[in-house]
Amino acid sequence: MMIVIMQAEATTREKSAVIARAEDFGFKVHLSDGKERTIIGIIGDDRVINREQIERMPGVERVVPILKPFKLASREFKGEDTVFPLGDHTIGGKEVLVMAGPCSVESRTQIIETAIACKEAGAHVLRGGAFKPRTSPYAFQGMGEEGLKYLAEAREITGMPIVTEVMEPALVPLVCEYADILQVGARNMQNYALLHAVGESQYPVLLKRGMSSLIEEWLMCAEYILSHGNTRVMLCERGIRTFETYTRNTFDINAIPVAKHLSHLPVVADPSHATGKWEYVAGAAKAAVAAGADGLILEVHPRPEEAMSDGAQSLKPEKFAKLVVEMRAIAQAVGRDIMP
Ligand code: PEP
Ligand code: MN
């Protein structure tokens with residue numbers, strides 16, 4: 001793959017000519033129309049493209065090969081941060097977005113009660129699993145479509161967009177009927193058929209990092225989604241496996257500045273799964289904001305002791321409300337903000 005950097009004053013006609021030439025060669029073209037200038041990504045076998053031919057076209061400033069294995073996800077392809085709206089807010093810009101809700105949708109009243117409490121505490125997006133990837137086949141597997149209906153009802157009441165997990169390609173159309181953001185879970189990060197399907201959906205995607213994945217592997221999975229023309233991808237660090245067993249996972253705080261450096265995509269942190277214990281969630285969440293996370297996803301349950309999944313790591317609404325206030329102060333200290 002190579003990128004064609006157009007001159008700042010390049011005309012629409014000159015840009016179209018470059019795109020047409022690349023397509024004539026049989027290449028896939030990805031356009032990044034930035035504020036400063038346009039970058040045209042040309043994907044295909046580098047040996048076939050005649051770099052000089054393109055370099056000589058009018059309006060072209062230079063043509064550079066992208067050496068990193070991830071291309072569309074890289075800062076080389078797009079220097080500016082990717083920013084897009086989610087409901088009344090945006091992710092990737094100045095705002096730090098807060099997503100909150102229970103691990104699983106357990107009943108109509110549970111999700112509505114939690115959604116209202118999260119909204120009052122300052123959340124912008126509602127989370128809740130309807131299809132749950134459980135380690136044990138005997139554990140609660142989620143409410144399925146009924147759960148999606150309750151999530152949609154909670155959205156009606158609170159106005160918050162919904163993020164929920166989709167576990168298989170065949171279920172993408174159904175989840176899209178109800179959800180605003182598709183979550184790809186850690187266990188499914190490298191499910192390529194699923195990445196293809198969520199890519200094609202053109203819905204915003206929250207891509208969780210696999211629990212034993214390298215940062216590069218994670219970015220390659222984002223690349224799969226981007227390669228289907230879906231530009232609204234969020235990377236989510238949710239903790240990785242290490243030798244430590246006191247916490248459920250080890251929160252890889254490094255992954256936040258590293259991913260922000262390598263990629264233009266928004267980075268979200270999930271301190272709930274990263275720590276596994278509610279006592280440590282606030283500390284890890286505040287660290288994530290300080291480290292430059294563009295969003296947080298937090299598990300909140302009105303009665304964690306009754307939760308059907310992940311009760312141990314779920315915050316009560318009062319604790320969550322206090323955490324939002326603290327995170328806002330940190331966000332402001334690093335030139336960001338958490339909007340009310
Ligand atoms: C979840 O968000 O509830 C979940 C299952 O997360 P992960 O895929 O990160 O384990
Ligand atoms: Mn969970």
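Note that these values count all heavy atoms, side chains included, but never hydrogens, waters or copies made by symmetry. Remember, predicted model here, so these are calculated numbers, not experimental data. When a ligand or atom number is given, it counts from 1 through the structure's own listing order.
- Near Gly185, the atoms of ligand 1 lying under 4.0 angstrom from a non-hydrogen atom of the residue are 8 (O).
- Taking 4.0 Å as the cut-off, Arg209 does not count as a neighbour of ligand 1 on heavy-atom distance.
- Looking at Glu216 and Lys68, no side-chain N of the basic residue comes within less than 4.0 Å of a carboxylate O on the acidic one, giving no salt bridge.
- In this structure, Lys322 pairs ionically with Glu326, as a charged nitrogen and a carboxylate oxygen lie closer than 4.0 Å.
- A side chain to side chain contact (heavy atoms under 4.5 Å, CB included) with Lys149 is found for one member of Glu146, Glu145, Glu153 and no other, namely Glu145.
- Leu86 places a side-chain heavy atom less than 4.5 Å from the side chain of Leu97.
- Excluding waters, the protein N/O/S atoms found under 2.8 Å from the Mn ion (ligand 2) are Cys103 SG, His273 NE2, Glu299 OE2, Asp310 OD2.
- Taking every heavy atom of Arg238 and a limit of under 4.0 angstrom, the matching atoms of ligand 1 come to 7 (P), 9 (O), 10 (O).
- Note that CD1 of Ile215 and CD1 of Ile240 are 8.0 Å apart. Values are rounded to the nearest 0.5 Å.
- Within ligand 1, counting atoms from 1 as listed, the ones closer than 4.0 Å to a heavy atom of Arg127 are 1 (C), 2 (O), 3 (O).
- At under 3.5 Å, not a single nitrogen or oxygen of Glu165, backbone or side chain, sits near a nitrogen or oxygen of ligand 1.
- Here the protein heavy atom with the shortest distance to atom 4 (C) of ligand 1 is His273 NE2, 3.4 Å.
- When each atom of ligand 1 is checked for a heavy atom of Arg187 under 4.0 Å away, the hits are 7 (P), 8 (O), 10 (O).
- In summary, the atoms of ligand 1 found under 4.0 Å from a heavy atom of Cys103, numbered by their order in the structure, are 3 (O).
- By the 4.0 Å N-to-carboxylate-O rule, Asp310 lies close enough to Arg248 to be salt-bridged with it.
- A salt bridge links Asp270 with Lys208: the closest approach of a Lys/Arg side-chain nitrogen to an acidic carboxylate oxygen falls below 4.0 angstrom.
- By the 4.0 Å N-to-carboxylate-O rule, Arg336 lies too far from Glu95 to be salt-bridged with it.
- By the 4.5 Å heavy-atom criterion applied to side chains, Arg155 and Asp180 are counted as neighbours.
- Under a 4.0 Å N-O distance rule, the pair Glu113/Arg108 does not qualify as a salt bridge.
- Nearest protein heavy-atom contact of atom 6 (O) of ligand 1 is Lys208 NZ, 3.0 Å.
- At a heavy-atom distance under 4.0 Å, only side-chain atoms of Lys132, from C-beta outward, approach ligand 1.
- Under the 4.0 Å criterion applied to side-chain N and carboxylate O atoms, Glu23 and Lys28 are not assigned as salt-bridge partners.
- Near Ala186, with a cut-off below 4.0 Å to any heavy atom, the atoms of ligand 1 are 7 (P), 8 (O), 9 (O).
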